[in-house]
Every structure is written in C-alpha cells, then in structure tokens.
Amino acid sequence: MAEVEARWAAKWADAGLHEADPEPGRPKFFGTYPYSYMNAFAHVGHAYTMSRVDFRARYERLHGKNALFPMGFHVTGTPIVAAAHRVAKEDPVQLRILRESGIPEEELGKFADPHHWIAYFPDKWREDITRFGMMIDWRRSFITTDKNPYYDRFIKWQFLRLKEKGYVRKGRHPVIWDPVQKAVIGDHDRAEGEGVAPQEGVLLKFPIEGRKGHHLIAATLRPETVFGQTNLWVDPSVDYVELAMEVKSPEGDTKKEHWIASRECAEKLRLQDLGVKTEVQSVSGKDLVGLVVTAPGAERKIPVLPASFMKTDKWTGIVTSVPSDAPLDFVALQDLKKDPAPLVACGADPALLETVAPIEIIDTEELGTLPAKAVVEKLKIQSQKDDERLKQATEEVYQAAFYKGRMLPHCGPVAGRPVSEAKEAVKEWLLAQGSAHLMWEPESLVVSRHGHQAVVKVVSDQWFLAYGDKEWKATTHEAFDRMEILPEVARKQFHIVVDWLRDWACTREAGLGTRLPWDEDWLIESLSDSTVYMAYYTVSHHLERLKPPADDLSPEFWDHIMLGKGDAEAVATKAVPVDEVKRMRAEFDYWYPLDFRNSGKDLLQNHLTFAVFNHCALFPEEKWMQGIAVNGWVTVDGEKMSKSKGNFITLRDAMERFGVSETRFAVASAGEGLDDANFEIDVAKSATRRLVSWLDNMMATWDRVAKAEDGEERGADRWFASVLNRTLQEVDGHMSRAEYRTALKVAYHDLGRDWSWYLKRTGDDPLPSLARQHVSAQTRLLAVFVPHLAEEVWHHIDGTGSVLDAGFPAADPTRIDPAAERQETYFEGVLDDIRNILKIIGKEPTKVYLYTAPEWKRRADGAIAAALEALPPGERVNPGTIIKALVSDPELKAHTKDVPKHVNLALKQGAGFLNQHRRVAGVDETAALKESQDFLTREFNAEVAVFSADDPDKVDPAGRAQGAVPGRPAVYVE
RNA sequence: GCAGGGAUAGCCAAGCUGGCCAACGGCGCGGGACUUAAGAUCCUGUCCUGAAGAGGUUCGGGGGUUCGAAUCCCUCUCCCUGCACCA
C-alpha cells in the first residue's frame, strides 16, 4: 500500500493536481484551516482538524467545484522567541522537548535562533501534510510577520483601514508584569500561576483625623461592605511609607494628597499610574495604631488597630475591617478584645475598642445579618491563623451574600438592593465622590520563569480592537446569522461570544510580528494578525512569483486588490505591472468570499469570532465569510494526548507506524461534531488489512463483471440496487453536513456489509451492471477518505483522469425501491425466527417447513389496520366492532370461526401490529421465500420447503400452518 | 457563580421531529468454520428467563404528560467545556 501511496503522491505533485487557478464561470470552493503555530511538529490533533477541510474540499471537487485549499504557517508572537531563548540558555526542559520530538542532538544548538524555528518547522509540516495527502495548493503558502514583507504589508494595510474606521482604539490595560525584568509575563513564561488574570480591587482612602490631606489606603474586593467598616488593621511591626501623590479627581483635575501604604504597594501604585510623585518618609506601623480615620462611604470615625495577619505584598498592606461580613476581621477583632495587649504595646488606649462592634449591613437570609459571625461559629474557628477554615468561611459568606443577600435599609444609596447589584453601584458611587480609586492585583500568586513574583502594571498606551463596539457587534451577529455553521449548535455559542467579547488588546511589546503602522514601537499580536489573511492566499503566489519590492505593496495597492477601489493603473509599478494587478484583483474576486473554515473548538471564542468581526469591518457583505465548522479535541484511545502519558502521536509517527491511508482512515473514524474525537490505535492498526482487502476486492470484482451481461433481475438485485442508491444520497447528505465519521461508516462499513450480504444472497452471483455501479460509486466515495487507494482503483477501472474529477456518484432515485427493501427486511425477520427456534430447541435441523399466512388473514389484517388508523386519537379499539364487520365480509365467511381469535391476537400487539402490517405491505411472501429457498438450504444445511397455508397440497406434519400470520410465516423444523 | 453541552447495556458510541427500540455500529468476551497451531478472516451469540419464534426488566435518580417515552415537561444528582488578552 505504501508503494501505491507514494506512486500517486508523486503523480499528483507532477500534475499539479492540487493546485487551483481561477476558472471563470466554474463554481468554486475555497476552504481553509487556521494556520498552526510553528513551534512543534504536526500531531494527530492537527491532522484531524485539517482533514475536515481536506474531506470537504475533495467532496466539493467531486461535485464539480474548483476547490482551493491553501495553507500558511504562523510564527507571530512570543513562544518561539521565548523557546529559542531557553535553548540559548540551555534550559534542560526545553532541550528535552526538542529531543523528544526527534531533533538530532547535533542540531539542537541551531534552535537558539528563532529564525531556525521558522525555517525548520514549516518545512517539516509541509513534508508531513503532503505525505498525509492533504489537497493543498502549496504555491500559495507563506509565513507571517515581517519576515515575510508582503504579508507584513498586507497586515499593515488591514490595521490602517481598521483604524480609519475607528475599530482600533487606544486605552489603558492591566497586564501581569515582572517588576524585575520589566516585561509582561504571558502564560508560557510563568513558573507558577498559569491562567491567572489581573483582578480589580477598589482602593479606599481614609482621611486621617487632624492631618489634612493625609490618607491611609486600603483595598477591598467587596466595596458594598464599606457601610460595615469598624476599624482599620495595620501591622505594627511593618514600616509603611508616606507618598506624595498627584491624584486625578473625578472631575478630571489633579489633587495633591499624601497616602500611606506598604513599601511594595508604592511600586504597584507607580506601575498602575495612580499618581505617585515622591516618597516622603517611612512610617512605622506602630505609630499608625490608635489613629482615628474616616471610613469612606460609611462616613464614620473609626480607629486604626493592630493585627498581624495581612501581607505587605498584597494590595496596600493595610486592611479595612468589616467584622460583620469578613470572618477574618471578625476573628481578629474577637482576639484583640480578649487580649488588648498588642494595642497597649503601641501606646494606644484600649478604650478605643469599646465602640468597635460588627455592624449589620447585609441580610443573607441563610446566614442572617451577621454572616461572618454565623460561619465562624459554625466552623468553630478559634484563631486568625486558621487559614484553611477562614478561607472556606470567607467563600461561604461571599456565596450567600452575593447571590442571595440584600443591603439593609441604612446602606445609603443602595439600601434594599441585592448585593450583586450593590457591589458595582457602590464602586461607581465611591469613585464619583473621589474617595476611591481602582487598583489591580493578580488573582493569585504568579511567579515568572525568572523567579520573580508578578505584579500588575497598567499599560496606558495600549491599542485595542474594539470588539466591544455595539454596532460592530450587531453587524457581526448578522454575519453569523447568515453563515453556514457546522454543527448547527455552535451558532448559539458564536452569538454568545460576540455578546461577551470586550475590546481586545491587540499589540505587544515583544515577540515576532508586524509593527503597528502608525506606532512602530508596537507589534501586532498573534490573534490579531490572523483574522483576514485568508484573502492573502488569493494572491500570495503571484507576489512570490513577481517578487516586487515590498514598498510596491502600498495601502492603495491592497485597497484595489481586496476592495476594488481605485484604478489598476494607479497602483501598478515596474515590478507589478497593470496586467498583473488586474490578474490579482480578478483572482481575489474569484475566490472570495471564503466558503469554509474549519478549526478546533478552542478557537471558537477568539480566532473564529475575530475573523468574522474583521471580515465584517473590512469587506462588503458579499465578501463576508460564508461558513465555519468546528470540531472537538482529539484523544488517543479515549485519553487526552500528552507527552507525559506517552500517548502523544505526531502525524509523522502515525504515518510511520500505521501508514498513510490507515492514518487517514483512523482520523476520519475518530469523530465528528463538537464532542472530543477519539483516535483509536486499533482502528489504525486494523485498517491495513481492511483497506488492502477493499482494494483487492474492488479490482477483482471489476475484472469479473467488467464485460458481463445482465441476466434476469432478482429480488436481491432490486434490494441491493435500492440500498446502493439510497446510500449514495445519504452519504452526500452527511458529507455536506461535515459528518465525516458517519459518512465513512455508511459509505464504507454499511455499504460493504450490504454488498457482502448481497453476494451471499445471490450465491456470489451479482448482477454485473449493479456490481459495476457499486465499484465505481464506492471508489469515488472513498476518494474523499483514502484518495491514494481510490485513485488506484479508479485508474484500473477507468484510466482517464483523477478520481477527484470523476464526479460524485449520483444516486438514481428510480432505483430506490422501498418495497424491495421491505421484502428483504421481511426475509431477514424470517431468518431470525428460524434461528431463534433452532437456538431454543438446540439441535441441527434436517428439514425446515415454512408456511405463509392464508389470504383471508391478509384481508382481515387490512381491515384491522384500517380500523386502527381511522381511530380518533385517545380512543381505544373495540374488538367486537371489528369482529362484527369482518364476519359480515362474504370473503371471510368460511373463516367465521377463526376471525375472533385472529383479531384478538392482532390487537394484543397494540402499536406493533400496525408497524408489522406496514412492513409487509406489497410483499409477496410466498414468492419471496421460494426465491430464497436455495439460500436457506445453504444457510441451514437442511432441506427447506415453502408452502402457502392456503395450499391444499401442503405438507404439514405438525399442523403448524394455522399459526401463520401475515409477515410472520409459521415455521416447523425437524 | 454565569454561559453552553452532557449522563444510553462491560467499555466507546448512535438514536433524542414519541410508536418500526432490547435499542445502529465498534471494542471486548463466548461458540463455530478455516488452520498443524497461533494470528487474521468469515459466521453466530453476548440484560434475565425460556426444549418453538415468547415473556420480563432496562436507556443517571424521582415525578408528570400520553393509548404509548431513551425520545416531551418538571425536579434532583453528577460530569465536561469556556469565562480571555494566550498560541
């Protein structure tokens, strides 16, 4: 088989079979796979997803379309650069990853250079994918970033135009930041805290009594609880700092203030651009204890008390205390009241404590109005050091308060409102008063690969794609409504994503990429430079051929190619003359819009949605994307693929181990729809003998029937003709809905089984014309899945052209014959009955007698069925009425005695009766069985006699014939 | 928590516009044929009972609608995925 595959792969390459050029007037199909990131080899997951496009492209081509499937390679972003950097530093983990993917030891060093990655992996991908038989037009391939000046110009054009339309905007944006390296820490650069995002807290300012303009600051995640503040906590053993600030007021002007917070906090305030001017002095925590401050929101005087539970590197190092709703505050306060020594040690008056007590602010229903107290008592928390249980308690209080709680009447502007609303409202209210600011902190600990604890920096000149824009969203919704989405359930998901998508930070400081045309300090981020590049495929091969200076590709050039704006003459250059400009414009216009894009479901909420947004923004409606298909992850034998489990299979491994066609077969069988697909090793392994025997059988069958003439048509022939033609219709439907696994099941497994049954039924004597149709049709169906083998068979039976251009096997609807199929189903039912009897009596038969039902029962059943069908819904049959009607039928007069019994038997089956009656409609049971007598004799190795119960000469040693009913002949074996 | 999707026989997995469903198909397992043998292949069986084609109990738990429910409704339990600035 490997020989067949290699031979055809070479021939296809020579003939340029997979290259597609515009053919005006011929319908086209343009399908794409989102180019993969080039930091590793292709694995079976990639193979699964790209095979969806390959199958579809082949299917469309069989249907006569001019099908284009191009593929590029993505290198934008930081991972390659970061990985190369790690190689340079001889990071053992990184080196092991490369070694394990099969890179020879002596070449490892080359990977210290990012450029080696972007040269090496695209080559390997192309090799693997070509061998895998993907129908790709490689002339159009390219890589991203400024390493490809043409693509670079294209992306610049895209961003320039997006900006003009107001879709690229500048704004502030929090990022996870390494304060020592002074760099953003992406997920892949983290030693700890993968997936952790910045979290917004509300920074509260507490004016110190008697010191105008001086504030202690504390942060809270629950601004709605400000009404319950009773005190502040500071750590007496810590040195805080006093900062001179220039703070933005809500009105927009700046105000000079002094803030006191932890030393670590000061750095964060700087990074977050909150207005730090200078550090005035260091302030001992001890000196802060005993001060009186005004609690913002509550506008109440509260004391500053000592505690030791807070960490100076979290938020401000000062904590506002709400003992009613914060278990930790409650416990700390309890402890301090029990033993005021720490307070006294700071020289403060223990009398301060007298006025401090929890204040009810929220009715949580299940936990009452003092939820912290309730939970602390419930969990029996004794100490403020009991971290584990305090965390649990806090979580429990929050759940109860946020989702079920209501603010009590004295809570100012939010009195009576649900906590879930109050939270946001209080935040806005405090901000508007100027008594609060926003501050960010990582949700949980993040440590960079350099070993530094991350903080949050607010980038102030960050560029965004305005996916939050209402009108843009509306247009995008419209596009999704019109698109073909497979599977259909994904459409709802897309609409949801469009709704919740916010502005997207689209620029980065580091990595590879295209520079923002108007602000060259910034690089366009990888999910943003890949949204409309499918359009670039339509001309990339021309640019590679002409090799113009990159400057020829002005924004106006792209306007003309992509949008048809302006004159070809105006954008033509020496290297790109007018006729070439026209050619490219025409080619874009021919292939666009994109008909189909297939990706894994992980890209649903970012890349795929972005792509539709951007198409809507840049292109006129008729060039919007037409179709998207989404597929699930790939598991191997039901387990998630992972290097550590040792079940990670690259595409080249798979082809090496199982073979090309086998891999394609297993990948097609792996799954469909949004559920995870399962690549089964056994399926891949056993595919060899399956496919070899398929190939041999097709060839042999063809040779046998190629020139033979048809004899008389038999029931089995009509049956198989019907099944075959119905199958062709079904497969067409499944393919069009991207149900490739089902398509393969029906086209290969089911049809193959039916064909075997047909051969068996006819004693290996198929009708030659039908056999020819079968071989020809199944070969063309399988050209989608195992093209090399199908090509081999096709060449054998036809010899001209590729199977890809042989046309999708059309069903002949006139050959679909439900009666013939009913007859076969009937016959199989009889077979089952006989087998069942033999199984129960447990002996080998020597003679089998079959008696079909007498005519009068058939007539009676017709009347019963009619009566049942005429029955108004909800009413029960009255057997008496039917019996009366039947006995008055002159045709049934002779059987008056047997009618009641028959009717009762029939009605006892309930709904089953009607089904069975319909199943044998139009079947001549006696003829059907007689025709199959030879078959039955072979099958049971016994003499088989068929009689009608009406036959006066029947042989009926056991008197069974009377038991025959229509559809269920009586059986007697001896 | 929010959003979306699930729960089917030993496992995987169809069905889910209500009746043709004891429930497609695959794997696994039993029996048989072939073979010196193993493997492969083919046939056959695989919820329980049954010496005549039958009956009984099943499609996460509970309740309901209906002549009839794996399929519709309610409810409970459990599971998966996403909640982003990362390719």
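So that the names make sense, note that chain A is the first sequence line, chain B the second, and so on, each numbered from 1. None of these values were measured; they are calculated from a predicted model.
Within 4.0 Å of A/R690, counting heavy atoms only, lies no atom of the nucleic acid at all. Within the 4.0 angstrom heavy-atom criterion, no nucleotide atom of any strand lies near A/P845. Counting any heavy atom pair closer than 4.0 Å across all strands shown, A/F464 reaches no nucleic acid atom. Counting any heavy atom pair closer than 4.0 Å across all strands shown, A/T76 reaches sugar-phosphate atoms only and no base atom. When heavy atoms are screened at a 4.0 angstrom cut-off, A/L527 is found touching base atoms of the nucleic acid. The residue A/L501 sits close to a base: some heavy atom pair falls under 4.0 Å. Among the heavy atoms of the strands, none lies under 4.0 Å from A/R822.
Between A/F73 and A/F121, the gap from one ring centroid to the other reaches at least 6.0 Å. Ring-centre distance between A/W757 and A/F935: below the 6.0 Å cut-off. Proximity of the aromatic rings of A/F613 and A/Y167 is defined here by a centroid distance below 6.0 angstrom, and this criterion is not met. Checked against the 6.0 Å centroid criterion, the rings of A/Y533 and A/Y35 qualify as a close aromatic pair.
Listed nucleotides B/A84, B/A52, B/A54 differ in distance to A/W504; the shortest reach to its side chain belongs to B/A84. Nearest nucleotide to the A/W500 side chain, out of B/A52, B/G82, B/G53: B/G82.
The nearest whole Å value for the distance from the CG atom in A/D529 to the C1' atom in B/C86 is 14 Å. At whole-Å resolution of the value, CG in A/L603 and P in B/C86 are 16 Å apart. In this structure, A/D682 atom CG and B/A40 atom P are separated by 10 Å, rounded to whole Å.
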Every protein N/O lying under 3.5 Å from an N/O of nucleotides 2-9 of chain B:
from: B/G4; atom 1: O2'; to: A/Q493; atom 2: NE2; distance (Å): 2.7
from: B/G5; atom 1: OP1; to: A/K492; atom 2: NZ; distance (Å): 2.6

Check nucleotides 44-50 of chain B against the protein and report each pair of N or O atoms closer than 3.5 Å, with its distance, or say if there are none.
from: B/U44; atom 1: OP1; to: A/R835; atom 2: NH2; distance (Å): 3.4
from: B/G50; atom 1: O6; to: A/K839; atom 2: NZ; distance (Å): 3.4

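Ring geometry for A/Y851 against A/Y849 counts as parallel: the plane angle stays under 30°, on a 0 to 90° scale with 60° as the upper cut.
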Nucleotide pairing, RNA chain B (Watson-Crick or G-U, distances under 3.5 Å), in dot-bracket with [ ] and |: ((((((((.[[[..)...(.....]]]((((((.......))))))(((....)))...[[[[[..)....]]]]])))))))....
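Side-chain N/O atoms of A/T32 and A/R597 include a donor and acceptor closer than 3.5 Å. A/E525 and A/W504 share a donor-acceptor pair across their side chains, judged by distance under 3.5 Å alone.
At a threshold of 4.5 Å between non-hydrogen side-chain atoms, the residues A/F827 and A/R761 count as touching.
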